[in-house]
Amino acid sequence: MSNPKQPAASAPTTAITPTREENYAEWYQQVVRAADLAENSDVRGCMVIKPWGYATWENVQRVLDRMFKDTGHKNAYFPLFIPLSYLEKEAEHVEGFAKECAVVTHHRLQPGTKADGKPGLVPAGELQEPLVVRPTSETIIGASFSKWVQSYRDLPLLINQWANVVRWEMRTRLFLRTTEFLWQEGHTAHATSEEAMVETLKMLEVYADFAENWMAMPVIKGEKTEGERFPGAVNTYCIEAMMQDRKALQAGTSHFLGQNFAHSSDIKFSDANGSVSFAWTTSWGVSTRLIGGMIMTHADDDGMVLPPRLAPAHVVIIPVTHKPETAQAVHDYCVKLAADLRTIHYAGRTIDVELDARDIRGGDKAWQWIKKGIPLRVEVGPRDMEQDSVFMARRDRGHKEKVSVKRDEFLATIVQTLEDMQSGLFARAKAHREANTQRIDSRAEFEAFFGVKNEAESEETSSGGSVKGGFALAHYAPDPAVEDELKAKFAVTCRCIPVDGNDEPGTCIFSGKPSSRRAVFAKSY
RNA sequence: CGGGGUGUAGCUCAGCUUGGUAGAGCGCUUGCUUCGGGAGCAAGAGGCCGCAGGUUCAAAUCCUGUCACCCCGACCA
């Protein structure tokens, strides 16, 4: 494939322009579009999740839902609308979310004159009390919990809901931060502080397990410092992943809420001795942001790369049928191959197959699937059929690197091949994180590692290849003032204080105070 | 809410300075030739130039107003 307009030495072409090196943020948008995962809606800040993206989310849901049920949780559904007064009950909670709430004030439209003087429909029937579109559901679920919990025998109460929420963000990006997004939120109530904390950490573990073993995205489990804590929580735990541009992505959170929401929602129970106590609650969630994490962890300059275990389809069969005399036979052969593949079990379901018999050119077709990130592509033409073999390409290898495999062998090894890709993706992502994680032992080293803010920004827009930083592991005695300064000067935040048990005494590189372990610092999404 | 920018075909944009009946590329439709890795040629469909005023014989173009969106900041899963 040569480009007549360019000299022979022209750079290799990529399916996505710009490349990650050239402009990471724009590359991300282009991958989402080229992979047909989602698109912008006419509604500001909202996205349309397209079938390929939604099917990926459905796989996330299916696997996580099983994990939640296996840990004793039940699904339920609570209203989209939250009375304003509910939100006002928990002081920190209001403060945290008030600035980004969509508020419903009317319940009817009627013909009238709009603000711009034109005739049209105008809101009528003002509500006595405005309703807030849930930015999260602690308060309204708390209201139910207070009714459901009377006795210690009602505890623990382990509930999850799959829902949409709305947070009126200033700046949005597909999957990573949209005004409306899909998520799950777990809400639990317990008799003791200890039990609630065990739950909080158990679900953190579930998230880490899912991220690493299903998304192939290595994560660091840790606790947030005060400034990054969920509004109203006593402790917030998180999983943090490193994206290919070395920025951190918070991929999931689990909160120990203490008795804060039990107080504000009046969740009380009588214990075995007949004395009344407030319950201890937790909440935890992951969202469609995970899809953004998958993209930024695995995708390359040719588009999406899906971890096989969560891919909407594992393999696409592309019949090569441009010779009319063999077209029908090839097609029949492919239908049979698809049927046989669909009997094979993999990662909790059967192999999902796309048989792409569309009447478009083969090269174009193959590239569409490359961009969508399907793990395996197999071409079957008359020559392959004669030899009873398929021509297979893996998405984690070069797009020209194809091998002829006997049909039986292909069927016998496909599970192993997919698992191989799955673990390969994880290993690659982990190696990238480790290569860009540094132990930092002084403030000077820290500043050199991240550079000053303005410098970093100009680098980002021009050549992403020289962006400084990554994960810095430094001793730190938590202090909000220090974090404010780091954010202002370096656009760096304390991502978390890891809970991996690797305690190590030292001194804070900012204050010189004693520190019992290293924290993770990074630029973040 | 501050600072910058942009509204023209489904998408990306040119045209505007210097007014003269609407353009390109991609995509789409049809036909022919191609076809084991992003095809070529030909024909075709598709736009009240964001909206409202004004200037003018004449406005995508100049003027005024307005709305929307985008980017940068403050805020965030």
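The sequence lines fix the lettering, A, B, ..., with proteins before strands; numbering per chain opens at 1.
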message = Does A:Leu176 reach a base, just sugar-phosphate, or nothing at all? Heavy atoms under 4.0 Å.
response = base
request  = Grab the CH2-C1' distance between A:Trp369 and B:G36 for me, whole Å please.
outcome  = 19 Å
query = Using a cut-off of 4.0 Å on non-hydrogen atoms, how would the nucleic acid contact of A:Ser287 be classed: base, sugar-phosphate, or nothing?
reply = base
request  = Can you tell me which stems involve RNA chain B, if a stem is defined as three or more consecutive Watson-Crick or G-U wobble pairs, both distances under 3.5 Å?
outcome  = B:1-7 with B:67-73, B:10-13 with B:23-26, B:28-33 with B:39-44, B:50-54 with B:62-66
ask   = Expressed as a whole number of Å, how far does the C1' atom of B:C71 sit from that of B:G15?
value = 24 Å
note = Winner on side-chain proximity to A:Lys371, out of B:A77, B:C35, B:G38, is B:G38
task = Provide the distance between the two C1' atoms, one in B:A22 and one in B:G65, to the nearest whole Å.
result = 26 Å
task = May I ask you to check whether over 12 heavy atoms, not counting those of A:Arg33, lie within 6.0 Å of atom CZ?
result = no
request  = In whole angstrom, give the distance that lies between atom CD of A:Glu169 and atom P of B:C71.
outcome  = 14 Å
query = Do A:Thr188 and A:Thr282 meet the criterion of a side-chain donor-acceptor pair at a distance under 3.5 Å?
reply = yes
query = Say you pick atom P in B:C48 and the same atom in B:A9; how far apart are they, in whole Å?
reply = 9 Å
query = Does A:Lys323 or A:Gly252 map to a spot on RNA chain B nearer the 5' end, using the closest nucleotide for each?
reply = A:Lys323
Nearest-Å distance for atom pair CG/C1', residues A:Asp364 and B:C35 = 12 Å
key: Candidates A:Trp284, A:Phe97, A:Tyr237, A:Phe256 - the one meeting ring pair (Phe, Tyr, Trp, His ring centres under 6.0 Å) with A:Phe230   = A:Phe97
task = Rounded to the nearest angstrom, tell me the gap between atom NZ in A:Lys487 and atom C1' in B:G73.
result = 12 Å
Atom-pair distance (CH2 on A:Trp367; P on B:C26), nearest Å = 19 Å
task = Please measure how far the C1' atom in B:U21 lies from the corresponding atom in B:A58, and state the result in whole Å.
result = 10 Å
N/O donor-acceptor pair under 3.5 Å between A:Trp52 side chain and A:Lys372 backbone = yes
query = Taking the six-membered ring of A:Tyr525, is NZ or CZ of A:Arg173 closer than 6.0 Å to its centre and within 45° of its axis?
reply = no
message = Students often mix this up, so state it plainly: with edges at 30° and 60°, are the rings of A:Phe181 and A:Trp183 parallel, tilted or perpendicular?
response = perpendicular
query = Just checking A:Arg173: base, sugar-phosphate only, or nothing, at a heavy-atom cut-off of under 4.0 Å?
reply = nothing
inquiry  = Nearest to the A:His322 side chain among B:A39, B:A77, B:G36, which nucleotide is it?
reply    = B:G36
ask   = Contact class for A:Phe181 (heavy atom, under 4.0 Å): base, sugar-phosphate, or nothing?
value = base
task = Would you classify A:Thr178 as touching base, sugar-phosphate or nothing, given that sugar-phosphate means primed atoms plus P, OP1 and OP2, and contacts are heavy atoms under 4.0 Å?
result = base
inquiry  = Tell me whether the side-chain N/O atoms of A:Arg33 come closer than 4.0 Å to OP1 or OP2 in B:C11.
reply    = no
message = Between C1' on B:A77 and NE2 on A:His93, what's the gap in Å once rounded to a whole number?
response = 14 Å
cation_pi(A:Arg134, A:Phe78) dist<6.0 Å, angle<=45 = no
note = d(A:Ile239 CD1, A:Glu205 CD) to nearest 0.5 Å is 10.0 Å
note = Looking only at B:C69, B:A77, B:G38, the nucleotide nearest the A:Ala15 side chain is B:G38
query = In whole angstroms, how far is the P atom of B:C70 from the CG atom of A:Leu174?
reply = 11 Å
task = Determine: side-chain N/O of A:Arg171 to OP1/OP2 of B:C75, distance under 4.0 Å, yes or no.
result = no
task = May I ask you to say whether A:Arg394 pairs ionically with A:Asp396, meaning some side-chain N is under 4.0 Å from a carboxylate O?
result = yes
query = When the ring centroid of A:Tyr86 is compared with that of A:Phe81, is the distance short of 6.0 Å?
reply = no
key: Length of the line joining A:Lys247:NZ and B:A77:P, which is rounded to integer Å   = 16 Å
inquiry  = When the C1' atoms of B:U17 and B:C26 are compared, how many Å lie between them, rounded to an integer?
reply    = 29 Å
ask   = Would A:Phe521 and A:Tyr476 count as a close aromatic pair, with their ring centres under 6.0 Å?
value = yes
task = Could you measure between the two C1' atoms, the one in B:U12 and the one in B:U56, and give it in whole Å?
result = 34 Å
task = In whole angstrom, give me the gap between the P atoms of B:A59 and B:C69.
result = 30 Å
key: Near-strand residues of residues 379-399 of chain A, defined as heavy-atom separation under 4.0 angstrom from RNA chain B   = A:Glu379, A:Gly381, A:Pro382, A:Arg383, A:Asp384, A:Phe391, A:His399
query = At under 4.0 Å between heavy atoms, what does A:Ile370 touch on the DNA or RNA strands: base, sugar-phosphate, or nothing?
reply = base
inquiry  = With rounding to the closest Å, how many angstrom separate the C1' atoms on B:U61 and B:A45?
reply    = 28 Å
Test item: A:Thr200 side-chain N/O and A:Ala196 main-chain N/O as donor-acceptor pair under 3.5 Å = yes
